[in-house]
Amino acid sequence: MSDETDENKLIARRREKLAGLREADAPAFPNDFRRDTLAATIHERYGGMADEALEAAGARVCIAGRMMTRRVMGKASFAHLQDRSGQIQLHVRRDDLGEAAYRAFKEWDLGDIVGACGTLFRTRKGELSVQCDTLRLLTKSLRPLPEKWHGLTDPETRYRQRYLDLIVNEESRRVFTLRTRLLSALRRYFDEAGFMEVETPMMQPIPGGAAARPFVTHHNALGRDLYLRIAPELYLKRLVVGGLERVYEINRSFRNEGISTRHNPEFTMLEFYQAYADYRDLMALTESLLRHLTQEVLGTGQVHWQGSTYDFASPFERLSLNEAILRYNPDLAAADLAERERAAEAARVRGIEVGAGDGLGKILLALFEETAEAQLHGPVFITDYPREVSPLARPRDDAPFFTERFELIVGGREIANGFSELNDPEDQAARFREQAQERSDGDDEAMHYDADFIRALEYGLPPTAGEGIGIDRLVMLLADCDSIRDVLLFPAMRPES
RNA sequence: GGGCCGUUAGCUCAGCUGGUAGAGCACCGGACUUUUAAUCCGUUGGUCGUUGGUUCGAAUCCAACACGGCCCA
């Protein structure tokens with residue numbers, strides 16, 4: 001840090017202390033201390049032990065962590081160390097450590113990282129603590145921590161300086177621990193179900209698999225632009241053509257759109273594909289998966305989110321898209337959803353813009369999204385999305401206007417999107433041509449024609465069903481968060497000014 | 001992109017209709033050998049987001065900009 005003009009006196013004071021240590025040849029950053037346990041382990045093992053038994057045991061421990069509190073009372077002090085598992089209190093006495101070591105301890109600051117060894121005992125107030133016989137400074141901290149009582153609440157600082165948020169906010173640690181446990185449980189589930197975890201390109205010559213605007217980047221040696229993927233879908237299906245039959249990928253996709261409480265430019269998606277299955281099989285899998293995940297991560301099938309409860313233990317409701325529209329628009333009848341002009345009129349009456357080129361399918365989707373989706377409590381599967389808005393999905397054999405597709409809605413929000421895959425290469429090529437036409441008509445979210453994907457389908461994609469689950473949204477649901485930024489360690493932010 | 005709100009000490013926040021900046025915690029000095037928001041005494045700490053305007057005088061009023069939050073598209 002060359003620019004010291006932005007440093008306040010608190011930091012300057014800590015730098016002086018560090019300089020003093022260096023001058024005295026006292027290590028400020030030693031790396032030879034070893035701990036033998038964690039705070040939580042100590043509480044688990046000894047927390048229930050009676051005082052006399054604890055004293056008789058005379059258990060000695062070595063721990064290390066960040067000093068979060070300190071109360072100096074003359075010749076004895078208390079402090080709390082925080083490690084990755086939690087906190088444990090230290091009792092530090094001059095008579096145990098010696099004059100010099102105790103004086104050194106009093107010079108340390110909150111936020112310093114400290115190693116301590118000593119025997120366990122319980123204080124008069126009943127807190128399990130370490131009676132220290134050894135105390136070492138392991139890392140000098142130069143910046144003051146936020147206040148111990150109110151902590152760090154400013155959302156901007158919490159997102160920009162996540163390290164600080166994680167140090168002081170237990171809730172933040174809880175959310176990201178939950179996220180990791182969820183990902184781990186997801187992988188176990190799919191591994192045990194015979195799926196292979198794979199990695200496909202994030203930099204793609206043709207962005208595909210979703211309707212979204214991509215980020216563009218440039219490869220210097222190739223002298224050409226590449227796109228950050230908006231979905232892994234088309235590559236995963238190529239792998240099923242290749243005979244991998246059951247594949248899944250959990251990683252980032254990128255969409256070049258605004259930032260909000262529900263959208264981050266990069267986000268994590270799970271996509272999985274299973275040969276010899278259809279969308280009904282995937283609805284069953286999704287129910288089983290979510291039931292399993294909530295149980296693993298929360299220990300219950302009842303999910304509390306923003307004041308409501310969602311039941312993942314019971315069978316999920318199923319409703320077609322048209323049924324959902326009719327439920328929330330009692331003035332409409334099935335016939336209103338069967339003809340473009342009548343549906344367009346119903347949309348206009350509700351203030352929904354209808355484009356001249358929009359077919360009945362787009363209008364139905366708009367009606368659903370504008371009048372029904374947000375009111376669906378769920379978990380509920382919405383099925384039968386129109387072919388027009390599902391360019392990669394297989395049409396229903398009995399009603400080819402619709403596709404074998406579903407979305408899972410919870411709390412009015414889309415959590416998953418799955419369908420029987422379109423594996424007829426000639427139909428898929430026709431759909432790509434339609435999409436390409438929409439692009440040239442000005443829809444910059446419409447898909448590109450992907451000739452290699454068609455070539456893959458021409459070798460033969462077995463009947464397959466595939467699904468995508470937005471992991472960030474799932475974490476939001478299970479962690480009871482209202483903003484996607486609260487479940488991303490480093491959410492997208494404008495540069496600091 | 002639009003609307004509303006916010007930005008004051010390291011952190012959490014006061015600061016009215018304009019009169020020259022405050023508290024708690026942290027820090028520093030002192031007392032204190034079972035405290036836990038430790039306590040008690042005494043200090044220290046600021047480009048009031050940035051730039052411009054109005055005014056004798058701006059943290060305060062006005063405008064633009066930056067960053068953030070919430071809502072809407």
Side-chain angles (χ1 to χ4, degrees), chain A residues 1 3-18 20 39 51 54-55 66-82 86-99 101-103 105-112 118-133 141-165 167-169 256-264 306 350-353 366 369-370 374 412 481-486 491-497:
Chain A
M1 166 82 75
D3 179 15
E4 301 199 1
T5 56
D6 68 329
E7 294 197 354
N8 64 47
K9 298 221 162 117
L10 299 181
I11 296 176
R13 173 69 189 143
R14 287 177 181 227
R15 278 194 197 282
E16 282 168 21
K17 289 181 180 177
L18 175 57
D51 293 10
L54 190 61
E55 205 158 316
R66 195 179 294 275
M67 186 163 68
M68 300 303 290
T69 66
R70 187 175 55 167
R71 296 171 290 280
V72 178
M73 298 160 304
K75 298 174 190 67
S77 302
F78 286 97
H80 276 101
L81 287 199
Q82 175 172 291
Q87 295 195 351
I88 184 87
Q89 182 171 258
L90 307 182
H91 189 218
V92 184
R93 291 189 297 204
R94 187 198 62 180
D95 293 352
D96 294 335
L97 287 188
E99 181 74 40
Y102 189 68
R103 199 180 320 116
F105 160 75
K106 288 205 286 185
E107 280 292 299
W108 298 347
D109 294 295
L110 292 185
D112 285 355
T119 47
L120 296 177
F121 76 109
R122 204 182 312 276
T123 64
R124 273 178 209 159
K125 297 287 173 63
E127 181 164 351
L128 189 60
S129 308
V130 179
Q131 191 75 263
C132 295
D133 54 57
S141 168
L142 294 177
R143 289 181 178 266
L145 291 179
E147 191 216 341
K148 64 190 168 196
W149 189 240
H150 298 93
L152 177 68
T153 59
D154 175 36
E156 185 168 355
T157 311
R158 288 186 51 227
Y159 300 146
R160 287 194 197 280
Q161 296 180 251
R162 185 65 88 183
Y163 41 87
L164 193 56
D165 180 42
I167 290 171
V168 300
N169 287 322
N256 206 339
E257 49 198 33
I259 298 175
S260 76
T261 50
R262 287 184 224 183
H263 300 90
N264 198 67
Q306 305 293 302
R350 286 160 178 76
I352 300 166
E353 206 176 308
E369 288 179 344
E370 298 299 324
C481 292
D482 198 27
S483 170
I484 197 170
R485 296 183 196 101
D486 292 326
M493 303 284 277
R494 289 172 207 273
E496 281 181 83
S497 50

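We name chains A, B, ... by the order of the sequence lines, and we start the count at 1 in each one. Treat the numbers as computed from the prediction; the structure is a model and nothing was measured.
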Ignoring backbone atoms, test whether A:Lys17 places a side-chain nitrogen or oxygen under 4.0 Å from the OP1 or OP2 oxygen of B:C28. yes
For A:Glu55, is the CD atom crowded, meaning more than 12 foreign heavy atoms sit under 6.0 Å from it? no
Between the protein and nucleotides 69-73 of chain B, which nitrogen or oxygen pairs are less than 3.5 angstrom apart?
| from | atom 1 | to | atom 2 | distance (Å) |
| --- | --- | --- | --- | --- |
| B:G69 | OP1 | A:Arg485 | NE | 3.2 |
| B:G69 | OP1 | A:Arg485 | NH1 | 3.2 |
| B:C70 | OP2 | A:Arg485 | NH1 | 3.2 |

Taking only residues two or more places apart in sequence, or in another chain, which ones meet A:His91 in a ring pair (Phe, Tyr, Trp, His ring centres under 6.0 Å)? A:Phe78, A:Phe121
When the C1' atoms of B:U7 and B:A14 are compared, how many Å lie between them, rounded to an integer? 15 Å
What's the gap between B:A23 and B:U43 when it is taken at their P atoms, as a whole Å value? 11 Å
When rounded to the nearest 0.5 angstrom, what distance separates NE2 in A:His80 from OG1 in A:Thr69? 5.0 Å
Base-pairing assignment for B:C13 (Watson-Crick or G-U wobble, both under 3.5 Å): B:G22
Without decimals, in angstroms, what is the distance between A:Arg122 CZ and B:U36 P? 18 Å
What is the base-pairing partner of B:A31, counting Watson-Crick and G-U wobble geometry with both distances under 3.5 Å? B:U39
Once you round it to whole Å, what is the distance between P of B:G10 and CZ of A:Arg143? 11 Å
Does B:C65 have a Watson-Crick or wobble partner in any strand here, with both distances under 3.5 angstrom, and which is it? B:G49
What's the spacing between A:Gln82 CD and A:Ile88 CD1 if we round to 0.5 Å? 12.5 Å
OP1, OP2 of B:U34 versus side-chain N and O of A:Lys125: anything below 4.0 Å? no
Rounded distance in Å between the C1' positions of B:U60 and B:G49: 15 Å
How far, in whole Å, is B:G68 from B:C41 if one measures between their C1' atoms? 41 Å
Taking for each residue the nucleotide of RNA chain B bearing the nearest heavy atom, is the 5' side occupied by A:Arg94 or by A:Trp108? A:Trp108
So for atom CZ, which belongs to A:Arg162, do other residues, nucleotides or ligands contribute more than 12 heavy atoms lying within a distance under 6.0 Å? yes
Kindly say whether, by distance alone, the side chain of A:Glu127 makes a donor-acceptor pair under 3.5 Å with the base of B:U34? no
Looking only at atom C1', what distance separates B:U17 and B:U55, rounded to whole Å? 16 Å
What nucleic acid atoms does A:Gly151 come within less than 4.0 Å of, heavy atoms only: base, sugar-phosphate, or nothing? sugar-phosphate
For atom CE of A:Met73 and atom P of B:U39, their distance in whole Å: 12 Å
Check: A:Thr153 side chain, B:U12 base, donor-acceptor under 3.5 Å: no
Whole-Å distance separating the NZ atom of A:Lys106 from the C1' atom of B:C28: 14 Å
Roughly how far apart are A:Asp133 CG and A:Arg93 CZ, rounded to 0.5 Å? 11.0 Å
Using a 4.5 Å cut-off on heavy atoms from C-beta on, say whether the side chain of A:Thr119 contacts that of A:Val130. no
Using the 3.5 Å cut-off, write out each protein N or O paired with an N or O of nucleotides 24-26 of chain B and the distance between them.
| from | atom 1 | to | atom 2 | distance (Å) |
| --- | --- | --- | --- | --- |
| B:G24 | N2 | A:Glu147 | OE1 | 3.1 |
| B:C25 | O3' | A:Lys148 | NZ | 3.4 |
| B:A26 | OP1 | A:Lys148 | NZ | 2.9 |

If you assign each of A:Asp154 and A:Arg93 to its closest nucleotide in RNA chain B, which residue comes earlier from the 5' end? A:Asp154
Please report the distance separating the P of B:A38 from the corresponding atom of B:G45, rounded so that it comes out in whole Å. 25 Å
Which whole number of Å gives the distance between the C1' atom of B:A58 and that of B:G15? 14 Å
Mind checking A:Val168 for me? I need base, sugar-phosphate or nothing, with any heavy atom below 4.0 Å counting as a touch. nothing
Separation of atom CD1 in A:Ile11 from atom P in B:A9, rounded to whole Å: 14 Å
Taking atom P of B:C11 as reference, at what distance in whole Å does atom CG of A:Asp165 sit? 14 Å
Regarding the side chain of A:Arg494, the nearest nucleotide among B:U35, B:C67, B:G46 is B:C67
Could you please name the partner base of B:G1, counting Watson-Crick and G-U wobble pairs only when both distances are under 3.5 Å? B:C72
Heavy atoms only, 4.0 Å cut-off, all strands: where does A:Arg13 land among base, sugar-phosphate and nothing? sugar-phosphate
Residues A:Met67, A:Leu81; criterion side chain to side chain contact (heavy atoms under 4.5 Å, CB included); working and verdict: CA-CA 5 Å; A:Met67 186 163 68; A:Leu81 287 199; 4.1 Å; yes
Give a yes or no on whether A:Glu353 atom CD has more than 12 heavy-atom contacts from other residues, nucleotides or ligands under 6.0 Å away. no
Nearest 0.5 Å, please: how far is NZ in A:Lys17 from CG in A:Asp112? 7.5 Å
Looking at A:Leu164 and A:Pro146, what are the two nearest heavy atoms and their distance? CD1-CD, 3.7 Å
When you get a sec, tell me which of B:C11, B:U34, B:U36 is the closest nucleotide to the side chain of A:Arg71? B:U36
What is the distance, to the nearest angstrom, from the NE2 atom on A:His91 to the C1' atom on B:C32? 12 Å
Given the P atoms of B:U35 and B:U47, what is the spacing between them in whole Å? 40 Å
Okay, side chain of A:Asn8, backbone of A:Ile11: is any donor-acceptor separation there less than 3.5 Å? yes
Could you tell me the separation between the CD atom of A:Glu16 and the P atom of B:C27, rounded to a whole number of Å? 15 Å
